[in-house]
Amino acid sequence: MARQRSIVRHDDDAHLAKLGHKAELKRHFSPLAMLGLAFAILNSWTALSASLSLALPSGGPTSVIWGLITAGICNMCLAASLAEFLSAYPTAGGQYHWVAMISWKKWVPLLSWITGWINVSGWIALVASGGLLGSQLIIGVISFMNPNYAPQRWHQFLIYIGYNLVAFLLNAFANNLLPHITKGAFTWSISGFVIISITLLACASPNYSTGSFVYTEFINTTNWPDGIAWLLGLLQAGLGLTGFDAVAHMVEEIPNPTVEGPRIMLACVAIGVFTGFIFLTCLLLVAGDVTNVIENAAGPLLAIFYNATGSKAGSICLLIFPLVCLLFATITIMTTSSRMTYAFARDGGLPASRFFAKVHSKQEMPLNALILTTALVVIFGCIFLGSSSAFNAIISASVVALGVSYAIPPAINCLRGRKMLPPRPFVLPGPLGWFCNLLGIAYVIVTTVLFLFPPALPVTGSNMNYCIVAFFIVIVISVFQWFVDGRKNYKGPQIELVGEDLADDGYQNRYPDKVDDGLVEAEGDGIGELNGHGIGELDERQEGRS
């Protein structure tokens, strides 16, 4: 059995070498452990319930329930679209690597660079969202137990720092324990979902809200037109279902990635929609006066728990489940964000890329990339101290950035006739592939515009959605870095090749003469590297030769 695992690992590492890199990370995540990580990141029922304040004022129950179904269908289409790419190119770079593989040769460096920067910034913002939701719930508990408590922004900021500090320490010094942590996170999350649902329904019986309230009640306190308000409420569902590309950025740490990766990606979205729909239905059935829920200082979730149980102690005990879930989420999101940062630095996409692409020899993980991620998350959290709408801004930034990075690869593939991917285990058949790609792209276009809107009118300096400011800063830094370094040195992901396996993948069709052309330089271990040439330059050399 050990010998079989060794052979499988060797094959996976050889495949990775063909896709661009030598294996440096330990493949110690089983498929179940990786599903646990992916679902811990989505943690849909937790994220959806903890962020009820986003949707209840913007459409009420109709936005909460049907917004989830709408976002679920669209995100499943996006996940299926990206699963094709993951099956073809299982590398931690994910979207920016896939873009480089299918783009027009002239635009490979720029499109890959843009996608990489958007994806890195989106994951850093998503790390921040875990601590934000957790700190918001804890502040709600304090307000719940002490009616005279006046919450200050710096209180929540310190709790936020605590969440991220715990996540950093576990990632930095307990890397070998992460598979066990992710399995535990999956078990804890599903257990919490079942226990809370049953407890709330049992305690509230028979005083339930009507079915018409749960599925048809519309509420709009934002001053936006009703249609716009409902669409703005999709932000809650978008948050609960985003981050499914985690498996792509962790794929170098699981066996048989071309098959297991797509399965896990689709499964975590499906489980998220299923658990989210049931849990949100249970919450709305026992919510009571929804106006009180929206305005309650303790937050919507704790207000619903108390209305159902009638016990402060019981409500707080139930809240422990989502609080721990959000800690697990922060840990696993930070893991994935550090791997994404490491992968992009490995291909020269960040300032001081060599430094951030180093893998710590003892811990077997990209420690420098982890430190960078944590430092930026702390800086990002400082928005708290100046804006009351920082919560919406940071969550909007994560959902929008990741959504855009999800749409770019299938958009390019559609523009090129959906013919750019090589043979692979997971394939969307013709009409279904076009449907999933186009619906996913349309969803991203609509939500990208809407999620930059302020959450309510009239717009003031304090309730402005500063997501657009965060994006502007990212764009300025990336453009500056492009002209300083990227334009000259970034050619897209580097490609390494294993000569004896070239015929097994799509590279031979794209680059039939790459070995004879002198671009591949043999190394002692049988792996060749493209002498610093990126994909786009290789295309140009091939075209010139032909």
Side-chain angles (χ1 to χ4, degrees), residues 16-25 85 89-124 245 248-252 336-360 365-373 375-376 401 405 408-409 412 474-497 507 511 514 519-521 523 527-541:
L16 176 63
K18 289 186 292 183
L19 295 177
H21 303 284
K22 297 178 185 178
E24 296 182 283
L25 303 176
F85 288 88
Y89 306 115
T91 169
Q95 291 92 309
Y96 81 86
H97 192 115
W98 303 337
V99 164
M101 297 307 300
I102 66 170
S103 294
W104 306 268
K105 60 182 180 296
K106 178 180 178 181
W107 297 101
V108 163
L110 182 59
L111 291 176
S112 176
W113 178 276
I114 291 171
T115 306
W117 273 86
I118 291 174
N119 206 355
V120 168
S121 60
W123 271 102
I124 291 172
D245 60 317
H249 306 306
M250 298 292 295
V251 77
E252 295 177 21
T336 307
S337 180
S338 66
R339 299 322 192 257
M340 175 62 214
T341 303
Y342 151 78
F344 197 42
R346 187 174 60 179
D347 285 317
L350 296 176
S353 284
R354 287 190 178 183
F355 178 76
F356 294 120
K358 288 182 178 179
V359 174
H360 193 280
M365 49 81 64
L367 182 59
N368 295 341
L370 177 66
I371 293 173
L372 174 64
T373 297
L376 291 175
S405 74
I408 294 175
I412 294 174
V474 170
I475 291 171
V476 168
I477 294 174
S478 61
V479 169
F480 175 79
Q481 183 64 15
W482 171 257
F483 284 104
V484 169
D485 178 59
R487 183 176 56 172
K488 298 178 182 178
N489 300 318
Y490 184 78
K491 303 299 181 183
Q494 302 298 299
I495 302 178
E496 296 168 358
L497 304 155
Y507 284 87
Y511 313 124
K514 56 182 167 284
L519 286 173
V520 178
E521 183 177 298
E523 296 181 352
I527 298 175
E529 185 172 355
L530 294 181
N531 298 333
H533 297 280
I535 297 170
E537 188 169 344
L538 180 58
D539 274 328
E540 293 172 359
R541 292 279 298 275

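Keep in mind it's a predicted model, so treat the numbers as computed, not measured.
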Subject >> Worked check of side-chain contact (heavy atoms from CB on, under 4.5 Å) between Leu110 and Trp107 >> reply: CA-CA 6 Å; Leu110 182 59; Trp107 297 101; 3.9 Å; yes

CG of Asn368 to CZ of Phe355, rounded to nearest 0.5 Å, is 3.5 Å

Rounded to the nearest 0.5 Å, the OG atom of Ser337 sits from the OH atom of Tyr342 at a distance of 15.0 Å

Give the table of side-chain donor-acceptor pairs shorter than 3.5 Å for residues 114-124, with sequence neighbours excluded, one pair per line with atom names and distance.
{"residue": "Thr115", "atom": "OG1", "partner": "Leu111", "partner atom": "O", "Å": "2.8"}
{"residue": "Trp117", "atom": "NE1", "partner": "Gly349", "partner atom": "O", "Å": "3.2"}
{"residue": "Asn119", "atom": "OD1", "partner": "Trp123", "partner atom": "NE1", "Å": "3.4"}
{"residue": "Asn119", "atom": "ND2", "partner": "Gln95", "partner atom": "OE1", "Å": "3.0"}
{"residue": "Asn119", "atom": "ND2", "partner": "His249", "partner atom": "NE2", "Å": "3.4"}
{"residue": "Ser121", "atom": "OG", "partner": "Trp117", "partner atom": "O", "Å": "3.0"}
{"residue": "Ser121", "atom": "OG", "partner": "Ile118", "partner atom": "O", "Å": "2.9"}
{"residue": "Trp123", "atom": "NE1", "partner": "Asp245", "partner atom": "OD2", "Å": "3.0"}
{"residue": "Trp123", "atom": "NE1", "partner": "His249", "partner atom": "NE2", "Å": "3.4"}

Subject >> Arg346 and Thr91: CA distance, side-chain angles, deciding distance, side-chain contact (heavy atoms from CB on, under 4.5 Å) verdict >> reply: CA-CA 12 Å; Arg346 187 174 60 179; Thr91 169; 3.7 Å; yes

Would you call Met101 and Phe85 a side-chain contact if the rule is heavy atoms closer than 4.5 Å? no

Closest non-hydrogen contact found for Tyr96 with Pro493 is CE1-CG, 3.9 Å

Between Arg354 and Lys358 the two heavy atoms that sit nearest each other are O-CG, 3.3 Å

Of all heavy-atom pairs linking Val99 and Pro409, the shortest is CG2-CG, 3.8 Å

Does any part of the side chain of Ser103, heavy atoms only, come nearer than 4.5 Å to the side chain of Ser112, both counted from C-beta? no

Note: Ala345 and Ser353 closest approach over all heavy atoms is O-CB, 3.2 Å

Contacts of Phe356 meeting ring-ring contact (aromatic ring centres under 6.0 Å, His included) (sequence neighbours excluded), chain-then-number -> none

Output for pair (Thr373 OG1, Arg339 CZ), nearest 0.5 Å, gives 10.0 Å

On a heavy-atom basis, the closest approach of Trp98 and Ala248 is CH2-CB, 3.8 Å

Separation between CD1 (Ile371) and OG1 (Thr341), nearest 0.5 Å, reads 12.0 Å

ask   = Above 12 or not: heavy atoms from other molecules or residues under 6.0 Å from CH2 of Trp482?
value = yes

Self-check item: Derivation of the side-chain contact (heavy atoms from CB on, under 4.5 Å) call for Trp104 and Ile412
Solution: CA-CA 9 Å; Trp104 306 268; Ile412 294 174; 4.0 Å; yes

